[in-house]
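This structure is a prediction, so every number in the text was calculated from the model and none was measured.
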Amino acid sequence: MPSVARSGSGLLLAIALSGSARGGELALPRALTCRPGVGGVGIDGDDLRGGIQRLMAWATQPEDDPSAEAALAAECTLGTLVALAERGEAEDDQLLLLVARSPGLILLADLAQLASSRRDLALDPWLREFCRGRAGAVARPGEPSPAWCSGRSFGEVLLDNRVHWESLGGAIYRNLQPVAPGPASSLCVTGKSQDSLRVSVLGTHSGLSMAVAAAFTQSLREGGKEDISLAYFGHWAWCQNVANCEEPLAEMFRAYQQDWAETEAENNAAKFETLVVDLRRFLGAGEPQQLIASDLLLCTRPFLFCWLLRDLWPEGQAQLPMLHYYSGPLLFDVPVNLKEQVLLAFRRTVLESELDLVVSSSALQSTWMMVMAGVAVPHVRPHAAQLRGLYEPPANAPEKLRALVLRSTWIQSPMGESFRAVLAKVLRANSLEGRLEVDWLLSGKFYEYEDIARFHAAVFLPEQPDKLTFWEQYEMSMPLWLPTADFWVRIHAIGEHRYSVFAHLWEADLPEGAAAAEACGLPAPLFLRSETLHELPRADSPVTAALWFYLTDHVHFPHLQLFGSAAELVSGLLSADLAGMSRKMDAFNAQTWRASSAFYRAAHCILSGERGRPATPRFAPQPGGPAEWSRMCGA
C-alpha cells in the first residue's frame, strides 16, 4: 500500500507522481479520513445501517456532492467500521460480516484500504469468525493451519505465508510442464508429415476450443504440415464463432448444460440420462459422419462430454486418438451421483490410455486434477498467435494515459460498479482526469482486438481465474493490471461464491487424490466447504482462498502489475514503464510459444504414430508414491 501522510485537506497517499497535483500525492475525500471521537466506538444498529447506506450512495453517485461529503465526514461511518474491524470483538465481527455479504463489500473494503486501515473490513472479521469456530479443533491433513488463528490480521497471515506459497505454486508450475518424450524425428511415422490431417474439435465453449485449435495447427505448420482441416462440434456457447448453432451435438449439449447450476440435482441426473440416450442413438447411426471420419479428435471442456464420446463411440468404428485440453472444474456439470465414476474414468484415461493425451491450461488446473484423481497432468498455456504484434507501447510517457478495463461479469456487479465509482472519485479529487482516462468494456460496448491494442494499458478484474481473456491480453504484450491476493479473495470467494470455479459443487476426490495432496503439502482444501454465503465464515478460511491465488498464472507469469485499491491502480498506471513491461512480456511470450509449439508437434506424433505406451505419462511421468509427489511440489 502507498505510504500515508496527513495534511490540512485530509489524508494523502504518497505515490510519487511526477508533476501531479498536490506535490506528488493523491488526496482522498474527507468522508474517508475521519476517525471516531475519543469517547470510543459504540454500535447502534439503526444508525450504522443508515450511515452505511448514505456512504454507499455517496460513493456510487456519478457526481460529487460537497454537502453530502461534509455530512458523511461528520457522521464518520467508515471510520466507525474501521474501528470495529480493529477492535475485533465477536459482536463487531457479526455486524461486519453482515456488511460483507452485501453488494457493497468491495466498495467498503476498498474505501478502508484507501483510508490506509491496517484491517480489512471483510477478510479480518471473516478470519476471526472462522477461528472462533475452530477453537480447540485438531487440525487434520489438508485442513487450514492452526497458525492462521493466532490473533493476527488476514494481511499479517498472508505476509507470513506468501513466500512459501509462491514457492509451492512455482514448483508445481515448473514440474508439471510437459517433458519432451523424445526427438520428434523418432516419434512420427515416416512419410506422414505431408499427409492431410482432419481434426474434429469437440467442446462447449468455442473461444477455448478455437484458441487451442489455432495453437495446434500453427505448431504443425511450423513443422511443415500444411494440409490441416478443422471441423467444430458441440460448441453451443458463442456458437456463432464457429457457425454451428444448429449442429445436433451443440443442441444436445445446450439442452443438458443450460441452467445446470440453477437446477435441482435430481433433475440434472434425469437430464444426463436423456443426454446419454440421445448421444448413443446419434453416434450409433454413424453421425456426424465428418467427426467419425476424422484423423484426430481435439476435445475441450468438460471432461464429461469427452468421456461420453469415447464411451459411446459406435461399435465397428475404430476409436480415434484424442488430445484433451481442459480449463475449469474437472467435474463441471457432472451429476452428484456420478462424480466418483467420472473421476475414476479420468484417472484411467490419464494413466492407461494409448489413444488419449490429457493436458490442462494452467498449474491451478493440474493441481485440481492431482488432488482429485491422484494424477500428474501437464499444463500448456493458452495462446492467441493472431494477437502478437498488435500492441505497440508508446515511446515516451503519454500526456494522457488511456487504460481499458476488460470485460468481465464482475465489473457489472454491484461490487464492480462501486469500485468504478470510487476510482472516478479518486481521479476527480486529484484533478487527474487530464492525465488518466479509464474506459470500461461493459456489456453493449464492443471493441475489436485492434481497438483494444490502441489503449496504453489494460486492467482485468476476472470473476474466474481461467478466463481466456487473461492469456489473450498477455499474448498482446500489453501491460496488464490485476487484483492483489486480498482483492482477489474478496472477488472469488465472496463476490462469486455461488458460481465460483472453487465452489463446493465441483468438489470430490479419490483416495489417490487425497494422498497426493497430503504428500504435496497443500496446506488447505482447493474448494470451498460452504454451500452458501451464510455458511462461509465458519466453514472456510479467507487464507485458504488466498492460497489458490498463488497457484494461478496471475502469479506465475512475470511482469504483471497488481493493485489492491483504486488508489494503487491510479498510482501504478501513472508511474509505469509501459515500453519496458511490454518488451519483457513479449520475450516471455516467445519463450512459452517455443515450448508449446514443440509440445503440440510431439503430441501429434505420439497420437498418430505407433503406440504401445499410455500417452499422457510420456509427457508427465507419474509420481510413484508420497516421496515423489513431495518432490514434485518442491518439498
Side-chain angles (χ1 to χ4, degrees), residues 201 203 205-219 221-222 230 232 235 237-244 300 325 327 361-362 380-395 398 400-412 416 436-482 553-554 557-561 573 576 578-579 581-593 596-597 600:
V201 187
H205 193 289
S206 63
L208 175 65
S209 292
M210 291 172 68
V212 181
F216 179 72
T217 54
Q218 181 179 346
S219 69
R221 289 187 173 117
E222 288 180 0
L230 299 175
Y232 288 86
H235 297 87
W238 303 100
C239 57
Q240 63 273 21
N241 291 339
V242 290
N244 74 332
T300 65
Y325 190 98
S327 174
S361 63
S362 69
V380 177
R381 64 162 282 190
H383 286 277
Q386 75 280 11
L387 303 182
R388 293 176 200 154
L390 274 185
Y391 174 76
E392 293 185 11
K400 185 175 187 178
L401 189 145
R402 298 177 64 242
L404 177 65
V405 182
L406 300 165
R407 192 185 315 281
S408 73
T409 59
W410 185 85
I411 66 171
Q412 297 193 182
L436 176 60
E437 175 187 332
V438 181
D439 194 353
W440 298 73
L441 195 48
L442 304 172
S443 63
K445 179 184 288 188
F446 296 94
Y447 286 143
E448 299 290 341
Y449 286 115
E450 291 79 5
D451 299 323
I452 292 173
R454 293 189 187 100
F455 285 84
H456 298 119
V459 181
F460 192 35
L461 292 149
E463 76 280 0
Q464 304 294 5
D466 57 345
K467 296 278 285 190
L468 198 61
T469 302
F470 165 76
W471 289 283
E472 289 179 339
Q473 203 64 33
Y474 199 101
E475 193 87 62
M476 293 172 70
S477 301
M478 186 173 184
L480 181 60
W481 272 256
L482 297 159
D553 281 354
H554 301 177
F557 278 31
H559 319 304
L560 293 164
Q561 312 305 309
L573 287 167
L578 301 175
M581 292 174 187
S582 179
R583 188 166 53 251
K584 293 172 182 176
M585 294 170 78
D586 195 52
F588 183 74
N589 281 327
Q591 170 195 331
T592 53
W593 172 248
S596 299
S597 181
Y600 283 122

* Asked: What are the two closest non-hydrogen atoms of Ala385 and Gln218, and how far apart are they?
  -> CB-OE1, 2.7 Å
* Asked: Does any N or O in the side chain of Ser582 come within less than 3.5 Å of the main-chain N or O of Leu578, such that one atom is a donor and the other an acceptor?
  -> no
* Side-chain heavy atoms of Leu230 within contact of Met210, under 4.5 Å -> no
* Rounded distance [0.5 Å steps], NE2 in His235 versus CG in Asn244 -> 7.0 Å
* Asked: If you take all heavy atoms of Ala576 and Trp481, which pair is closest and at what distance?
  -> CB-CH2, 3.6 Å
* Calculate, to the nearest 0.5 Å, the distance between atoms CD and CE belonging to Gln473 and Met478 respectively. => 5.5 Å
* Does a donor on one side chain and an acceptor on the other come within less than 3.5 Å for Asp466 and Ser362? -> no
* **Nearest-0.5 Å distance, OG of residue Ser477 to CZ of residue Arg388** => 9.0 Å
* Under the side-chain contact (heavy atoms from CB on, under 4.5 Å) rule, what do Tyr600 and Val212 come out as? Steps first, then yes or no, please. => CA-CA 10 Å; Tyr600 283 122; Val212 181; 3.9 Å; yes
* Any side-chain donor-acceptor pair under 3.5 Å between Glu472 and Tyr449? -> yes
* **Flag, side chain of Ser408 to backbone of Leu461, donor-acceptor distance under 3.5 Å** => yes
* Asked: How many angstroms lie between atom CD1 of Ile411 and atom CG of Leu441, to the nearest 0.5 angstrom?
  -> 6.5 Å
* To do: Measure the CE-CE distance between Met585 and Met476 for me, rounded to the nearest 0.5 Å.
  => 10.0 Å
* Asked: Are the side chain of Arg381 and the backbone N or O of Asn589 linked by a donor-acceptor pair below 3.5 Å?
  -> no
* To do: Any chance you could lay out the side-chain contact (heavy atoms from CB on, under 4.5 Å) test for Tyr447 and Arg454, step after step, and finish with the verdict?
  => CA-CA 10 Å; Tyr447 286 143; Arg454 293 189 187 100; over 6 Å; no
* For Tyr325, does its backbone N or O pair with a side-chain atom of Ser361 as donor and acceptor, under 3.5 Å? -> no
* With side-chain contact (heavy atoms from CB on, under 4.5 Å) as the test, would you mind laying out the steps for Tyr232 and Asn241 before giving the verdict? => CA-CA 10 Å; Tyr232 288 86; Asn241 291 339; over 6 Å; no
* **Flag if over 12 foreign heavy atoms under 6.0 Å of CD, Glu222** => yes
* Intermediate values then yes/no, side-chain contact (heavy atoms from CB on, under 4.5 Å), His205 and Leu468 -> CA-CA 11 Å; His205 193 289; Leu468 198 61; 5.7 Å; no
* Taking the side chain as every heavy atom from C-beta outward, state whether Lys445 and Asp439 have any atom pair closer than 4.5 Å. => yes
* Run the salt-bridge test on Asp586 and Arg583 with the 4.0 Å N-O cut-off and return the result as yes or no. => no
* Asked: Is atom CH2 of Trp238 surrounded by more than 12 heavy atoms (other residues, nucleotides or ligands) closer than 6.0 Å?
  -> no
* **Donor-acceptor pair, side chain of Tyr391 and main chain of Glu450, under 3.5 angstrom** => no
* To do: Could you tell me the separation between the CZ atom of Phe557 and the CZ atom of Phe588, rounded to the nearest 0.5 Å?
  => 4.5 Å
* Structure fact -> Residues His554 and Pro462: closest non-hydrogen pair is CE1-CG, 3.8 Å
* Asked: Is a side-chain donor or acceptor of Ser597 paired with a backbone partner of Trp593 at a separation under 3.5 angstrom?
  -> no
* Counting N and O atoms only, with roles assigned by atom type, does the side chain of His456 sit under 3.5 Å from a partner on the main chain of Arg402, one being a donor and the other an acceptor? -> yes
* Asked: Can you name the nearest heavy-atom pair linking Pro479 to Met581, along with the distance?
  -> CB-SD, 3.9 Å
* Asked: Is the backbone of Leu390 close enough, under 3.5 Å, to the side chain of Glu392 for a donor and an acceptor to pair up by distance?
  -> no
* Would you tell me whether Asp553 and Tyr474 have side-chain atoms, one donor and one acceptor, within less than 3.5 Å of each other? => no
* Asked: Just wondering, more than 12 heavy atoms not from Glu448 lying within 6.0 Å of its CD?
  -> no
